[in-house]
Amino acid sequence: MKINKQYKVIPFIMVLIVVLGSAVSCTDVFDESQLNQAPEQDLDFDKVFTDYQQFRQYLDYSYYFMPGHLGRMWNSMVAELSDEAEGLGVNVCSSVFNNGAWSGDVIPGIGSNPAANANRELSDMWNDLFKGIRQVNNVIKNIDLVENFPSQKVYERSLGEAYFIRGFLYFELVKRWGGVPLFDRPLELGKDELDVPRNTYEESINFIVEDCNRAAQLLDLENLGGDTGRATKGAALALKSRTLLYAARPLNNPNQDVEKWKAAAAAAWDVINLNQYSLDPDYVNMFFRSDLGNEIIMNRPRPKINFEQGHSDNSNFLVRFIVPQGYDGWMGTAVTQNFVDLYEDSNGFPITNASSNYNPNDPYVNRDPRLKMTVLYNDRYWYSRNTQFYTGGLDYGNTLINPIGYSIAKFWPEAHQRYKGTSTYLNYIYFRYAEVLLNYAEAVNEAYGPDGAHSGAGLTARDATSQVRQRVNQVPIPLVLSSSKETMRERIHNERAIELSFEEQRWYDVLSWNKGVEIFGEENPIKGMKITKNPDDTFIYEPYVYETRVFRPHMNRYPIPNSEIYKSTELEQNPGW
């Protein structure tokens, strides 16, 4: 039976409208500028699910619910929740997480209240993900009502996209909250029971994996030009890889069931074995490509941005937000000394190791090349001059912005300057091949050891990490540091931090490793670097404690919004909240 209801699309949510045969951007990327087209009239459900063109709009709209902006938190990056970065300036919501003040309460006052701004990652995220799930469940339930699909292949791809998006949205819920209520169809008021309990973590993972498997069977290996940015077979398998890796980690696998690690290794190998992806030789400019290249498996559609644009809440991440004041930026996010210290020396040793060639008086020489590719540090050449993070220098900050000593280079092309009239793409990457290699390395190490391999793969954990490191000419992990599963685990964790820095991986990685207290708590305070310039133009480098953060064991899982708990007789809050 067709549904003869008017379906009013919520006006504050941007709608993605891309119709087959319509114009696409010159870069052949599923362009985020098309998100800004709100419908001028209500969508008729009967028409949506009989006419392919309107159905396509409705399905495309579902992509919007996938979290996909570095600037989606109010004046904060997710990296600021972790030990990667510190939020600076006014009303940053990261401070609420850093001082342990976050909770299940829904606080009013977005924009002027950091606690309310934290809703972006808490109650707003919960609500938006479930809204997206209902949206895509409508697609799955009603797709067979559409009468004019261009071909069977387009029908299958559309259904595959729907399963992928649902799996992705559920993973975003599960990685934050653990087991959640599972819905495989849209609920109907007056017909379905709306007060339902949470499914178990295992049930939630199995549901996501099944959606990934269905999507992988239906989706193509590659999209055609105008459809670049949509889900592919590789994206579905990459999501499965990430899902099973999280399921195998200590927070979710406290008994260390090795079969879960084997399943995660197999899932990562399925992506590798597609022979569809490889590492981009240009680690720096991969994030500014106009196309996906060979490494990016899936990214967020995006328009070009210029330097003059600032940070935009819940929208695109804009470059000026991270740029030091000496370069006409706002310095909203600073890199911590803790994170800089994770970069090994040029021989692959931690800088705290007795064999390291690290020199604390010249701390940025003889380091992993990715340090220079990722971080702006003192006295390095950038654009037209050497940076000045020393006390009193141009990039030190002012009375409103405390000096930490570093800023992010990774998302700022060096040529992208104010007043130059340039614009650039900035890729928000959902999945890239380097992550898959590191997923594989972590899982294989836990299942088979550093020099073991998944059955039939012929690729060891050591091989996989070496591939990632060789791309930037960093030496393989020294054997003396990685001869056992335990020592290799430490180096793989560190490798993920460095390779995937600021890409919204570190915070969630640490939570799923059940290491939030160890890495984000009082015993590991956030440090900055005090830099003094001498008369002879040399520098004195003195690390100092900038902030002591609060993290408790129960914070490895998010609190369910209390508004949901209060109105339900079935929904249980996570322990400790």
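FYI, the numbering just counts along the sequence from 1. Note that the coordinates shown come from a computational prediction; the quantities given were computed from them, not determined experimentally.
Atoms CD1 and CD1, from Ile429 and Ile296 in turn, are 4.0 Å apart once rounded to the nearest 0.5 Å. Atom CZ of Phe287 and atom OG1 of Thr374 lie 7.5 Å apart (nearest 0.5 Å). Interatomic distance, CG of Leu129 versus CZ of Phe171, reported as 11.5 Å (0.5 Å rounding). Here the straight-line distance linking atom OH of Tyr383 with atom CG of Leu376 works out to 14.0 Å at 0.5 Å rounding. Between the CD1 atom of Ile208 and the NZ atom of Lys240 there is a distance of 12.5 Å, given to the nearest 0.5 Å. Between the CD1 atom of Ile133 and the CG atom of Asp128 there is a distance of 11.0 Å, given to the nearest 0.5 Å.
Remark: Glu547 engages Arg549 in a salt bridge (Lys or Arg N to Asp or Glu O under 4.0 Å) (not counting sequence neighbours). Applying the side chain to side chain contact (heavy atoms under 4.5 Å, CB included) test to Asn99 and every residue at least two apart in sequence or in another chain returns Ala101. Scored by the side-chain hydrogen bond (donor to acceptor under 3.5 Å, both in side chains) test, Thr387 finds no partners at all (sequence neighbours excluded).
Aromatic ring centres of Trp177 and Tyr558 lie closer together than 6.0 Å. Taking the six-membered ring for Trp and the full ring otherwise, the centers of Phe502 and Phe339 sit less than 6.0 Å from each other. Taking the ring centroids of Tyr430 and Tyr428, they lie under the 6.0 Å cut-off. For an aromatic pair to be called close, the ring centres must be under 6.0 Å apart, and Tyr327 with Trp412 satisfies this.
Using a 3.5 Å distance cut-off with no hydrogens or angles, the side chains of Arg506 and Ser82 do not pair a donor with an acceptor. Looking at Trp513 and Glu442, their side chains do bring a donor and an acceptor atom within 3.5 Å of each other. Side-chain contact, Asn562 with Asp105: a donor N or O sits under 3.5 Å from an acceptor N or O. With hydrogens and angles left out, the side-chain atoms of Asn556 and Asn514 include a donor and acceptor closer than 3.5 Å.
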Fill in: salt bridge (Lys or Arg N to Asp or Glu O under 4.0 Å) assessment of Arg289 paired with Asp280
CA-CA 11 Å; Arg289 294 185 65 104; Asp280 192 316; 2.9 Å; yes
Discussion item. Run the side chain to side chain contact (heavy atoms under 4.5 Å, CB included) test on Arg249 and Lys515 for me, step by step, so that the C-alpha distance in whole Å, both residues' side-chain angles and the decisive distance to 0.1 Å come before the verdict.
Written reply: CA-CA 11 Å; Arg249 285 173 168 172; Lys515 285 192 168 187; over 6 Å; no
Item to complete: Step by step, work out the side chain to side chain contact (heavy atoms under 4.5 Å, CB included) result for Val271 and Tyr440.
Response: CA-CA 10 Å; Val271 184; Tyr440 179 85; over 6 Å; no
Practice prompt. Determine, stepwise, if the pair His69 / Leu426 fulfils side chain to side chain contact (heavy atoms under 4.5 Å, CB included).
Written response: CA-CA 10 Å; His69 290 292; Leu426 176 55; over 6 Å; no
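Ring geometry for Tyr541 against Phe539 counts as tilted: the plane angle lies between 30° and 60°, on a 0 to 90° scale. In this structure, Tyr364 and Tyr377 have parallel ring planes: the angle between them is below the 30° cut-off, well short of the 60° mark. Between Phe168 and Phe431, the two ring planes are perpendicular [angle over 60°; tilted spans 30° to 60°].
Here the closest non-hydrogen pair linking Ser123 and Pro561 is CA-CG, 3.6 Å. Of all the heavy atoms in Leu251 and Leu511, the pair that sits closest is CD2-O, 3.4 Å.
More than 12 heavy atoms of other residues, nucleotides or ligands sit less than 6.0 Å from atom NZ of Lys175.
The only member of Gln388, Gln325, Arg385 that meets side-chain hydrogen bond (donor to acceptor under 3.5 Å, both in side chains) when paired with Asp395 is Arg385. If you run side-chain hydrogen bond (donor to acceptor under 3.5 Å, both in side chains) between Tyr283 and each of Glu295, Arg370, Lys410, only Lys410 comes through.
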